[in-house]
Amino acid sequence: SMEECEALCTRMAIMVNGRFRCLGSVQHLKNRFGDGYTVVVRAGGPGPAAVQALLQQHFPGIVLRERHGGLLQYHLPARVASLATVFSLLAAHRGPCHIEDYSVSQTTLDQVFVHFAQEQSDGDIGEVTAPGQDAAPSPGRRLSTFLEDDSYQESAV
C-alpha cells in the first residue's frame with residue numbers, strides 16, 4: 001500500500017524490471033516524478049458547464065478525468081500553470097460559475113508508482129544476451145537515459 005509507505009517510510013526505492021530506478025523521500029519522488037496536480041471542483045446551480053468552459057479556456061493542457069453530476073476531477077500538468085494561478089482563478093469565479101468548493105492536490109505516491117509500473121515488462125526486448133554471457137552492464141555504462149540529471153547515478157541490482 002502506497003499510503004502505508006507514505007506514512008511509515010522516510011526514504012523509498014522503486015525498481016522496474018530488476019533495475020533500481022529511484023531513491024528518495026516521498027516528497028522528493030512526488031516532486032521529481034509526479035506529473036502535476038489533481039483539481040477537484042464541485043459546481044452547483046445550473047451545472048458544471050461553466051466551470052468546464054472556464055478551466056479549458058485558462059488551462060489548455062487540463063484533462064477531465066472524472067465527472068459525477070456536479071463533481072469534476074481534472075489532471076493539470078505542472079507546466080501548464082502555477083498553483084497561485086489555479087487558486088486565484090477558482091476563487092475569482094466562485095460566484096459566477098456556481099463553484100461550491102474546490103481542492104488542488106499534488107500527484108499521489110500511487111500515481112508515481114503507476115508511472116513506473118507502466119515501464120514494467122516480462123522481458124527487456126532491447127537487451128538480449130547470449131547464453132552464458134553476464135547480463136550486468138559494464139562499469140560506467142548507464143542503463144538508460146531515464147535519469148537525465150548527472151548528479152544522480154543509476155545502478156543494476
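- Heavy-atom contacts from other residues, nucleotides or ligands closer than 6.0 Å to CZ of Phe113 number 12 or fewer.
- The shortest distance between side-chain heavy atoms of Val112 and Met2 does not fall below 4.5 Å.
- Judged by distance alone, the side chains of His98 and Glu100 never bring a donor and an acceptor atom under 3.5 Å apart.
- The two residues Leu109 and Met12 have their closest heavy-atom pair at CD2-SD, 3.4 Å.
- Interatomic distance, CD of Gln111 versus OG1 of Thr38, reported as 4.5 Å (0.5 Å rounding).
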- Report the C-alpha separation of Lys30 and Thr108 in whole Å, then their side-chain angles, then the decisive distance to 0.1 Å, and conclude whether the side-chain contact (heavy atoms from CB on, under 4.5 Å) test is met. CA-CA 7 Å; Lys30 285 181 179 182; Thr108 65; 5.6 Å; no

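- Heavy-atom minimum distance, Val26 versus Cys9: CG2-O, 4.3 Å.
- Follow the hydrophobic side-chain contacts under 4.5 Å out from Leu54 and you reach Leu83 in the same cluster.
- Here the straight-line distance linking atom CG of Leu76 with atom CG of Leu55 works out to 8.5 Å at 0.5 Å rounding.
- Between Arg94 and Tyr102 there is a side-chain heavy-atom pair separated by less than 4.5 Å.
- Residues Phe59 and Val39 are not in side-chain contact: their nearest non-hydrogen atoms beyond the backbone lie 4.5 Å or more apart.
- Taking OG1 of Thr107 as the reference point, atom OH of Tyr37 lies at 8.5 Å (rounded to 0.5 Å).
- Interatomic distance, CD1 of Ile14 versus NE2 of His115, reported as 9.0 Å (0.5 Å rounding).
- Nearest heavy atoms, Gly61 versus Pro77: O-CD, 3.4 Å.
- Smallest separation of non-hydrogen atoms from Ala43 and Val51: CB-CG2, 3.8 Å.
- Ile62 contributes atom CD1, which lies 12.5 Å from atom CD of Gln57 (distance to the nearest 0.5 angstrom).
- Using a 30° and 60° split on the angle between ring planes, Phe33 and Phe116 fall in the perpendicular class, above 60°.
- The main-chain N or O of Ala81 is never found under 3.5 Å from a side-chain atom of Thr85 such that the two would form a donor-acceptor pair.
- Contact detail for Leu64 and Arg67: the closest heavy-atom pair is CD2-CB, 4.4 Å.
- With His75 contributing its side chain and Asp35 its backbone, the two residues share a donor-acceptor pair below 3.5 Å.
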- Given side-chain contact (heavy atoms from CB on, under 4.5 Å), test Val41 with Asp101 step by step and report yes or no. CA-CA 6 Å; Val41 181; Asp101 58 40; over 6 Å; no

- Task: I would like to know whether Phe87 and Val104 meet side-chain contact (heavy atoms from CB on, under 4.5 Å); could you show each step before the answer?
- Result: CA-CA 8 Å; Phe87 279 112; Val104 181; 3.8 Å; yes

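- The distance from atom CG of Leu89 to atom SG of Cys97, rounded to the nearest 0.5 Å, is 8.0 Å.
- When all heavy atoms of Gln52 and Leu72 are compared, the closest pair comes out as CG-CD1, 3.7 Å.
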- Step-by-step side-chain contact (heavy atoms from CB on, under 4.5 Å) determination, Arg42 to Ile99: CA-CA 6 Å; Arg42 187 168 32 152; Ile99 298 173; over 6 Å; no

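- Taking the side chain as every heavy atom from C-beta outward, Cys22 and Arg32 never approach each other to under 4.5 Å.
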